Peer 1: 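Here it is: the structure, laid out below.
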Amino acid sequence: MSIICVEKEKCVGCNACVRACPADDANVARLDESGVLRIEIDDEKCIKCGACIKACSHGARYFQDDIDQFLADLKAGKEIAMIAAPAIKIAFDGNWRHALQWLRNNGVKAIYDVGFGADICTWAHVRYVEKHPDAKIISQPCAAVVNYIQKHKPELIPNLSPVHSPMNCVAIYMRKVKGFKGKIAALSPCIAKIDEFHDTGVIDYNVTMEHLKQYFEKEGVDLPKVKIFSEFEFDEHQGLEGAIYPKPGGLMKNLLIHNPEMEVITSEGVDKLYKDLDTYAKSNGKYLPTVFDVLNCENGCNGGPATGVDYECFEMNDIMHDVERHARKIRKANKTKKGEDKQFAEFDRILNINDFCRSYKAEKIHEAPVSEEEIEKAFIMLGKHTKQEREFDCHACGYKSCRDMAIALARGINERENCHQYMISSIREERQRVAEVNEKVLDMNRELMDIFGELTENISRIRGEAEDIRKSGVTSSDEMSNIMTHMNEMNRLNQNIATYMDDINHGVEQYNVMTQDVEKIAGKINLLSLNASIEAARAGEAGRGFAVVASNIQELSKSSKASVGNAQENDEEIKKVITEVNEVVHNFSAATDEMLMVVNKAIEESGKTSEKSLRIEESMETVSMMADRVRDAIEKTNEILN
C-alpha cells in the first residue's frame with residue numbers, strides 16, 4: 001500500500017515536491033497521455049517525510065495511515081491499548097485530554113504517555129554511551145531519518161543509535177513489564193512511523209493525529225474548545241522531560257540533564273538536516289559529536305506532517321515551554337536527598353537495556369551508475385552544449401543543478417520538458433518557426449485575397465448567368481408549351497387522315513369486288529356471244545341479223561374484259577400507292593408520338609433547369625456570403641500577424 005499518494009488530476013508538474021524532497025529519485029516526472037507533466041512517487045525510494053505534502057499548494061498529495069483498521073478493530077471489540085505522542089498537546093491544544101478520554105470511552109483498554117517512553121529512551125542512551133564511551137551515534141526517534149539512511153545512506157547505518165524510539169520504548173515497556181498482550185496503536189504526528197512499526201513489529205497501528213481530528217469532524221464528535229477540567233489521566237506514569245522530545249533539540253536537553261559533559265549537536269529541517277548528514281558521512285570521525293540529535297521536521301515532531309495544525313514556531317514553543325516547566329517541577333521532586341534520579345534508579349532496577357535496542361538493514365536499491373557518456377547524451381537532449389548552459393542551475397526542475405537533472409533524465413525518471421531552459425529554448429525556436437510560418441501565411445493570405453477578388457467577380461458573373469438561364473428556361477418552357485399545343489393539333493389531324501385512309505382502303509376493297517363481278521359478267525357475255533354465233537351459223541341467212549347482234553355482244557365482252565384488265569392493273573397501282581400512303585401515315589403518327597414525348601421531356605427538363613438555375617443562384621448567394629466572411633477573417637488575421 002502506498003503511504004504518500006498522488007491525485008494525478010490535481011498535479012500540475014510544478015516540481016515543488018521535487019525541490020522539497022530530500023530523497024534522490026523518490027519523485028518521478030512523467031508526461032501523461034495528454035502531454036501534461038505529472039510527478040509520481042517511487043514508493044521504494046520515498047522516506048515518507050511528508051515534505052512534499054506540505055510543499056504542494058495544489059492539494060495533489062495526501063497520506064494514508066492505519067486509522068480505518070484501528071477503528072474497525074476497536075468497534076469489533078479487540079483488545080487495543082494506545083500510546084499518545086507528546087505532540088498531541090500541539091495537535092489538540094486545550095482539549096487533548098478530552099480526545100484521549102473519548103478514545104478510552106469508546107473501547108481503548110489503556111492509554112500510555114509516549115513522554116514516559118522518551119524518558120526510557122534517554123535512560124537507554126545514557127547507559128549505552130556509558131558502556132561505549134567512544135561511540136558516535138545518530139539519534140533515531142525520527143523514522144523519516146531512519147528511512148533515509150537505510151534507503152539512501154546505508155554507510156551511516158553503523159552510526160544509527162541502537163536505542164528504540166520513545167514510541168517503541170513505551171510499547172516494549174507495556175509488553176515486557178506490564179505484560180500487555182493485546183494490540184497497540186500509536187497516536188502519532190508522523191507519517192513515516194508506519195515503516196518503523198512494520199520493521200520492528202512492536203506497534204500495530206499508526207493512527208495520525210490529523211486523521212483522528214478529521215474523523216471527529218466527520219462524525220460530529222464535539223470536543224471542548226477550552227482548557228477545562230478533564231477526568232483523563234494516563235495509565236501508569238506520565239513522562240517527565242521526555243515530554244519535550246518533540247521540540248528541536250529535545251533529546252539533547254534530556255541527555256545533558258543526566259550527562260552535562262556529553263557532546264551533542266542538533267540538526268532539524270529538510271533544508272539543513274540532509275546536507276548535514278552528507279557532511280557527517282564524509283567527516284573525520286574524531287570531529288563527530290557523541291550524539292547527533294536529528295529531526296526531519298524544522299519544528300521537530302510538533303511540526304510533524306500529520307499533526308493536522310499549522311502553528312507558527314513561537315506559538316508551538318510557548319505551548320511546549322509550559323510542558324517543560326511542569327516537567328522540571330516534577331523532576332526536582334523526583335530527586336533523592338543524595339541527588340540521585342529516582343526514575344533512572346527504577347529503570348536500572350526493572351529494565352534490561354537490550355530489550356530497548358534494535359538493529360537495521362540496508363534497503364538501498366542498487367542501480368547501475370550513470371556513465372558520463374549517458375550524462376553527455378542527456379545534456380545534448382536538453383540542448384545544453386556550453387559550460388554556461390550546463391551550469392545554468394535555475395532549480396526550476398526541482399534539482400540542485402543542471403547536472404542532477406541530466407542524471408535524472410539519463411535514469412529515465414524525468415522528462416526534458418521539465419527543464420526550464422530547454423523549454424525557453426524550445427519556445428524561442430518555436431517562435432522563430434511561428435514567425436516564419438506567419439510570413440508564409442501572410443503571403444498566402446495576400447494570394448488568397450487576390451483569388452477571392454477573382455472569385456467574387458466570377459460569382460457575380462455566374463449569378464447573372466444563372467439568372468439568365470433561369471429566365472431562358474422559363475421562356476423555353478413557354479415556347480415548348482406552344483409547340484406542344486401545335487403538335488397535339490398535328491396529332492389530331494394525323495388521326496383524321498388515318499381515319500380517311502381507312503375509308504379509302506375499304507372503298508378500294510369494294511371496287512375490287514365490283515371489278516371481279518364485271519369480269520365474271522364479261523365472261524358470261526362472251527360465252528353467250530359464242531353460243532349466238534353458233535346458232536346464227538346454223539340458221540344461215542335467217543340468222544344473219546342475229547349474228548350481227550352476237551358479234552356486237554362479243555365486242556362488248558372483249559371491251560368489258562379489256563376494261564376489267566385495265567381496272568385490275570390500276571387496282572394494283574392504287575393498292576401499292578395506298579400501302580405506301582398507309583406506311584407514311586403510320587410513320588408520321590409514330591414520329592408525331594415521338595416528338596410529343598421529346599417535347600414533354602424538353603418541357604420537364606426546362607422546368608428542372610429553371611429550378612436548378614434558381615438553386616444555383618441561391619447557392620452562389622451563400623458562397624458569396626461565405627467568401628465575404630473568409631475575406632473578413634483573412635483581413636483580421638493579417639491585422640494580428642502584422
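Excluded from the calculations below are hydrogen atoms, water molecules and symmetry mates; all remaining heavy atoms, backbone and side chain alike, are included. All figures in this text were calculated on a predicted structure; none of them were measured in a lab.
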Peer 1: Can you give me the closest heavy-atom contact between His58 and Lys10, atom names plus distance?
Peer 2: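 It is CB-O, 3.6 Å.
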Peer 1: Could you label the plane-to-plane angle of the Tyr205 and Phe70 rings as parallel, tilted or perpendicular, counting under 30° as parallel and over 60° as perpendicular?
Peer 2: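 The arrangement is perpendicular - the two ring planes meet at more than 60°.
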Peer 1: Between Lys272 and Glu298, does any NZ, NE, NH1 or NH2 come within less than 4.0 Å of an OD or OE carboxylate oxygen?
Peer 2: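 Here Glu298 does not pair with Lys272 in a salt bridge, since their nearest N and O are not under 4.0 Å apart.
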Peer 1: With a 4.5 Å limit on heavy-atom distance, are the side chains of Phe180 and Glu79 in contact?
Peer 2: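 Sidechains of Glu79 and Phe180: in contact.
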Peer 1: Which atom pair, heavy atoms only, marks the closest approach of Gly13 to Ile39?
Peer 2: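 Of all heavy-atom pairs spanning Gly13 and Ile39, the closest is CA-CG1, 4.1 Å.
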Peer 1: Flag the pair Glu210 and Lys213 as a salt bridge only when some basic side-chain nitrogen lies within less than 4.0 angstrom of an acidic carboxylate oxygen.
Peer 2: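 Result for this pair is no, no salt bridge flagged.
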Peer 1: How many angstroms lie between CD in Glu374 and CG in Leu409, if you round to the nearest 0.5 Å?
Peer 2: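 With rounding to 0.5 Å, CD (Glu374) is 11.0 Å from CG (Leu409).
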Peer 1: For residues 134-142, please give each side-chain donor-acceptor pair under 3.5 Å, one per line with the distance, not counting sequence neighbours.
Peer 2:
| from | atom 1 | to | atom 2 | distance (Å) |
| --- | --- | --- | --- | --- |
| Lys136 | NZ | Leu288 | O | 3.0 |
| Ser139 | OG | Phe292 | O | 3.4 |
| Ser139 | OG | Asp293 | OD1 | 3.3 |
| Ser139 | OG | Val294 | N | 3.0 |
| Gln140 | OE1 | Ser165 | N | 3.3 |
| Gln140 | NE2 | Val163 | O | 3.1 |
| Gln140 | NE2 | Tyr360 | OH | 3.0 |

Peer 1: Quick one: closest heavy-atom pair of Thr307 and Pro189, and the distance?
Peer 2: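 Shortest heavy-atom separation between Thr307 and Pro189 comes out as CG2-CB, 3.3 Å.
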Peer 1: So which heavy atom on Leu295 is nearest to which on Pro248, and how close?
Peer 2: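 In this case the closest contact between Leu295 and Pro248 is CD1-CA, 4.2 Å.
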Peer 1: Does Gln150 use its side chain to pair, donor to acceptor, with the backbone of Lys361 at less than 3.5 Å?
Peer 2: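 At least one qualifying donor-acceptor pair exists.
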Peer 1: Look up atom CD1 in Ile3 and atom CG in Asp66, then write down how far apart they are to the nearest 0.5 Å.
Peer 2: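 Going from the CD1 atom of Ile3 to the CG atom of Asp66 covers 7.0 Å.
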Peer 1: Between Arg403 and Glu372, does any NZ, NE, NH1 or NH2 come within less than 4.0 Å of an OD or OE carboxylate oxygen?
Peer 2: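 Salt bridge present between Glu372 and Arg403.
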Peer 1: Taking Arg61 for the side chain and Cys11 for the main chain, is one N or O donor matched with an acceptor at less than 3.5 Å?
Peer 2: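 No: the side chain of Arg61 does not pair with the backbone of Cys11.
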Peer 1: Looking at Gly239, is its backbone amide N or carbonyl O close enough to the side chain of Asp119 to form a donor-acceptor pair, meaning the two atoms are under 3.5 Å apart?
Peer 2: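 No.
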Peer 1: Strictly distance-based, threshold 3.5 Å: is any side-chain N or O of Lys45 a donor or acceptor partner for the main-chain N or O of Lys151?
Peer 2: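 Checked: no pair found.
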Peer 1: Do the charged groups of Arg175 and Asp204 touch, with an N to O distance under 4.0 Å?
Peer 2: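 A salt bridge links Arg175 with Asp204.
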Peer 1: Hey, what do you get for CG (Leu71) to NE2 (His211), rounding to the nearest 0.5 Å?
Peer 2: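 Result: 12.0 Å between the selected atoms.
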Peer 1: Looking at every non-hydrogen atom in both residues, tell me the closest pair between Ile4 and Gly50 and how far apart they are.
Peer 2: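 Ile4 and Gly50 have their closest heavy atoms at CD1-N, 4.0 Å.
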Peer 1: Indicate yes or no for a side-chain donor-acceptor contact from Asp65 to the backbone of Cys190 under 3.5 Å, with no hydrogens or angles considered.
Peer 2: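 Side chain of Asp65 to backbone of Cys190: no pair is present.
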Peer 1: Please round to the nearest 0.5 Å and tell me the distance separating atom SG of Cys49 and atom CG of Asn147.
Peer 2: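 Here the rounded value is 9.5 Å.
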Peer 1: Measuring from atom CD of Gln64 to atom NZ of Lys48, what distance do you get when rounded to the nearest 0.5 angstrom?
Peer 2: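 These two atoms lie 11.5 Å from each other.
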Peer 1: Do the charged groups of Asp25 and Arg411 touch, with an N to O distance under 4.0 Å?
Peer 2: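 Salt bridge: yes.
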Peer 1: Please confirm whether the backbone N or O of Asp393 pairs with a side-chain atom of His395, one donor and one acceptor, at under 3.5 Å?
Peer 2: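 Side chain of His395 to backbone of Asp393: a pair is present.
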Peer 1: Test side chain to side chain contact (heavy atoms under 4.5 Å, CB included) on Ile88 and Leu100; report intermediate values, then the result.
Peer 2: CA-CA 10 Å; Ile88 192 173; Leu100 294 177; 3.7 Å; yes
Peer 1: Of all heavy-atom pairs between Gly303 and Lys54, which one has the smallest distance, and what is that distance?
Peer 2: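 Smallest heavy-atom distance, with atoms named: O-NZ, 2.6 Å.
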Peer 1: Is the NZ or CZ atom of Lys153 both under 6.0 Å from the centre of the six-membered ring of Tyr148 and within 45° of that ring's axis?
Peer 2: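 The answer is no; the distance or angle limit is not met.
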Peer 1: Could you tell me which residues satisfy side-chain contact (heavy atoms from CB on, under 4.5 Å) with Arg127, sequence neighbours excluded, listed by chain and number?
Peer 2: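 side-chain contact (heavy atoms from CB on, under 4.5 Å) list for Arg127, sorted by chain: Trp123, Glu130, Phe344, Asp348, Ile353.
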Peer 1: Take the angle between the ring planes of Phe234 and Trp96 and call it parallel below 30°, perpendicular above 60°, tilted in between.
Peer 2: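 Ring orientation, 0 to 90° scale: parallel.
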